[in-house]
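The basis for the numbers below is simple: all heavy atoms, side chains too, and nothing from hydrogens, waters or symmetry mates. We count ligands from 1, going down the list as the structure has it; atoms in each ligand are counted the same way.
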Amino acid sequence: MAFTAGSLLREAGRKLADAGFESASLDAQILLAHVLKRSREFLLIHSDVVLQQQEQAEFELFVNRRLAGEAIAYIVGEKEFFNYKFKITPSVLVPRPETELLVEHTLVFLQKVLQNISDEQQKTIRYHDTCTGSGCVGISVKAMLPLIDVSVSDISKDALAVCKTNMVAIVGYEIPYFESNLLDAVPGTFMCITANPPYVSTDYTNMLMEKKLKEPRIALDGGVDGLDFYRKLIPDAYKKLQEGGALLVEIGEEQALSVCEMYSKTGFTDITVYKDLAGHDRIVFGVKNEVLS
Ligand code: GLN
């Protein structure tokens, strides 16, 4: 039997809503748009389009994967972040909208550094994004500030493979990358370092794993209190920052106090916490300023 886009969307939307998915109709639209290689807008305008049997079957398969808990980004293989399309596989975390805030504050800091300096000098400004995963933070910054010297790192080879595809698709070429536990294998010093490290407690990660979203544990599990990676990263980054350089990290909403304490014990100044759109503490910023301190 032939079905129209509209009727299939309604049926899938109902199934997903009944199963408790909050974004049921949006999910159904994204999945059907992906099957038909069309935009969501097209589907809404042309809800009378009749699907081929094969398209129907593929859509049903996708809806069932979603019903089993898999993240939409893994089913369609991509996610929009900072207006760029990132390829996403279960080797990397699905980029979150709140992580765009890390990009925004990094750009604000770097733009101040770049003020009033020549293009030639801009090329010597070094910025590094560790725990890069899909590369969403580092690649977005490079795309916005193409002159500066950007590099990225991740401990996972599989994540770096995804990241390399995204570099070529978004920046046009591969930017330097390192397979590294945090900054261990990353050479040189930097004016800015960013990280969205795993910061979810092991207990909570176990719960997330049961939801079968298929996100990699290695990108989420930050140890018993979720803070393990900050304990190493904050002092390591301090050593690799130039005078006046900044470290920006994403944090879990209850971690601001502990992370700020680590920043200040390490010697950082100008320590600032930024909230996300939901009002949760999300980004910690600090500057290495040995002359003043
Ligand atoms: N924000 C993510 C979550 O709550 C975690 C991201 C991370 O650990 N860096 O699932």
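- Under the 4.0 Å criterion applied to side-chain N and carboxylate O atoms, Asp228 and Arg231 are assigned as salt-bridge partners.
- Relative ring orientation between Tyr199 and Tyr230 is described as parallel, the plane-to-plane angle staying below 30° on a 0-90° scale split at 30° and 60°.
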N or O contacts of ligand 1 with protein under 3.5 Å, please list pair by pair.
from: ligand 1; atom 1: 1 (N); to: Tyr199; atom 2: OH; distance (Å): 2.9
from: ligand 1; atom 1: 8 (O); to: Tyr199; atom 2: N; distance (Å): 3.0
from: ligand 1; atom 1: 9 (N); to: Asn196; atom 2: OD1; distance (Å): 2.7
from: ligand 1; atom 1: 9 (N); to: Pro197; atom 2: O; distance (Å): 2.7
from: ligand 1; atom 1: 10 (O); to: Arg96; atom 2: NH2; distance (Å): 2.8

Side chains of residues 38-54: which donor-acceptor partners sit under 3.5 Å, not counting sequence neighbours?
from: Ser39; atom 1: OG; to: Phe42; atom 2: N; distance (Å): 3.1
from: Arg40; atom 1: NH1; to: Gln29; atom 2: OE1; distance (Å): 2.9

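- Taking CD1 of Ile175 as the start and CG of Asn166 as the end, the distance is 10.5 Å to the nearest 0.5 Å.
- Contact check on Glu70 versus Lys212 returns no salt bridge, with no Lys/Arg side-chain nitrogen under 4.0 Å from an Asp/Glu carboxylate oxygen.
- A cation-pi contact, defined as under 6.0 Å to the ring centre and within 45° of the axis, is absent between Lys240 and Phe190.
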